[in-house]
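The figures here come from the full heavy-atom set of this structure, side chains too, leaving out hydrogens, waters and symmetry mates. We number each residue from 1, following the sequence as shown. In listed order, ligands and their atoms are each counted from 1. Remember, predicted model here, so these are calculated numbers, not experimental data.
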Amino acid sequence: MTDIKADFLARVDAARDDLVALTRDLIRIPTLNPPGDCYREICELLDRRLTASGFETEFIRATGAPGDCDRYPRWNIVATRTGGGPGDCVHFNSHTDVVDVGAGWTVDPFAADVRDGRIYGRGACDMKGGLAASIIAAECLIAAWPDHPGRIEISGTADEESGGYGGVAHLAGMGRFSPARVQHVIIPEPLNKDRVCLGHRGVWWAEVETHGHIAHGSMPFLGDCAVRHMGALLAEMEAELFPALAEKRTAMPVVPPQARQSTLNINSLHGGQAEPDAEAGGYPSPVVPDSCRMVIDRRFLVEEDLSEVKAEFRALLDRLTAARPGFSYSLRDLHEVIPTMTDRQAPVVGAVADGVADIIGHAPEYVVSPGTYDQKHIDRIGRLKDCIAYGPGILDLAHQPDEWIGIQDMVDSAKVMGLALMRLLPGAAPDQGRQTGNQTEGMV
Ligand SMILES: [Zn+2]
């Protein structure tokens, strides 16, 4: 094993330029989501690459998933390399989609410029650099250990940025993450090369609407303004809810530490008539708004129960209904995710932690992500618990302008991933004592 390890590490160092080229090729395919563009194209790139490296590949379209249509089909790829003997299956899962470019870039977001040891571009950090690192790790390990036991799987999946329903959730629904088939999952999201991410907080998205009564804007007393009712709710949230959320602390090691509490974001607020079309011009008409809608994004902790989270918000609304004349509301659930946290003693955690200690030179930091990622589907739908996020890149750069990934960070984390493969592929050591006992019994 010492020879395999030394050979593997030398191969990763030698593959540095290849790693950079692969990352740049991935960034140059603008897999923007929404709308969910170029999934087929990026799967084809991965297919060419991994087939040449000895993987068998499978294209899976999430037909009927949200957003899937003939113009924007949700294509996924799963590549499998079966080794020379029995062992465990280790699966690297990366999402191929990237978020909107946004403003503020000083470089072309899809040119994948290389400068000062960094590759720039939308998706460089989140998470095409991690995907490329996992491919190099697998390829170099296979070259150093062609008859490795077990199986290595690499998937490139759609739609993580919009909930993962056209990607990992679909594959998990097909049984592709059942523990009988896959034993360990590493998701190379950008959590930094020396951190092991055990899971994430929970999510509740809801839309609350306050109701009013339409009237002429010159005589608002004849109507009932839904925006003012929403204003009352916002005031109540400022006075009661936000301070209460700040008091709810968690034992989850969430990073950044400010997220070690419950949080709530107001995603959007729409009241009254739609804004006039800027190009068409014209003035709005004078009406009292009869509807105001707000979308909230509540993040909750492993210590909280989703039903309590909902009840807390509803209690606020019910207090207003009782206290404020004319106040009425409707509340609609949009999306929910239960928090997940893998046990620190789990095999994949230990294997990656040892790799970090070996390559980076110190024990990893164990963290939990403030936002969710595809681990939720692997846990809830796949029922597979031995799953973490580990990959190169600085989390804070995700979704930002001038996003970049450090080349040395990718090299280092590819080494960690390969060492974790060496540890995990042989599977759990057989129980020698019991085998001996059975043999003895048979002999008797
Ligand atoms: Zn990501």
Side-chain angles (χ1 to χ4, degrees), residues 23 26-27 29-39 42-43 46 62 67 74-77 91-102 109-110 112 119-135 154-172 177 185-193 195-201 203 254-256 259 297 299 335 337 340 342 352 367-379 387-406 409-410 413 417:
T23 308
L26 291 166
I27 293 169
I29 301 176
T31 42
L32 286 163
N33 178 29
D37 227 349
C38 301
Y39 285 138
I42 203 162
C43 286
L46 293 168
R74 267 47 191 176
W75 282 107
N76 300 277
I77 186 168
H91 185 117
F92 291 97
N93 166 253
S94 295
H95 64 85
T96 54
D97 56 327
V98 301
V99 295
D100 190 15
V101 170
F110 297 110
I119 307 173
Y120 285 84
R122 175 52 85 225
C125 148
D126 185 12
M127 58 179 289
K128 290 174 173 175
L131 170 57
S134 68
I135 291 171
I154 296 177
S155 60
T157 52
D159 284 0
E160 190 275 344
E161 299 290 3
S162 53
Y165 299 101
V168 170
H170 185 80
L171 297 190
F177 289 101
V185 178
I186 297 171
I187 303 176
E189 288 274 10
L191 271 305
N192 292 6
K193 63 180 175 182
R195 300 204 292 198
V196 172
C197 181
L198 302 169
H200 52 72
R201 297 189 301 173
V203 182
V254 188
V255 286
D297 176 356
R299 303 294 168 129
H335 179 55
V337 176
T340 180
T342 299
V352 172
V367 299
V368 161
S369 168
T372 74
Y373 52 95
D374 279 332
Q375 186 169 340
K376 57 182 174 267
H377 301 306
I378 291 166
D379 177 1
C387 176
I388 56 162
Y390 171 77
I394 298 167
L395 181 62
D396 297 3
L397 297 174
H399 303 194
Q400 296 260 5
D402 287 353
E403 180 183 342
W404 55 269
I405 183 88
D409 288 353
M410 287 198 294
S413 65
M417 291 178 201

A.B. asks: Just by distance, do the side chain of Y39 and the backbone of D159 share a donor-acceptor pair under 3.5 Å?
C.D. replies: yes
A.B. asks: Among the N, O or S atoms of D126, which one sits nearest to the Zn ion (ligand 1)?
C.D. replies: OD1
A.B. asks: Between the side chain of K376 and the main-chain N/O of V337, is any donor-acceptor distance below 3.5 Å?
C.D. replies: no
A.B. asks: Is any N, O or S atom of E189 under 2.8 Å away from the Zn ion (ligand 1)?
C.D. replies: yes
A.B. asks: Does any donor atom in the side chain of Q375 or T342 lie under 3.5 Å from an acceptor atom in the other side chain?
C.D. replies: yes
A.B. asks: Does E161 bring an N, O or S atom to under 2.8 Å of the Zn ion (ligand 1)?
C.D. replies: no
A.B. asks: Can you see whether N93 engages T157 through a side-chain donor-acceptor pair at a distance of less than 3.5 angstrom?
C.D. replies: yes
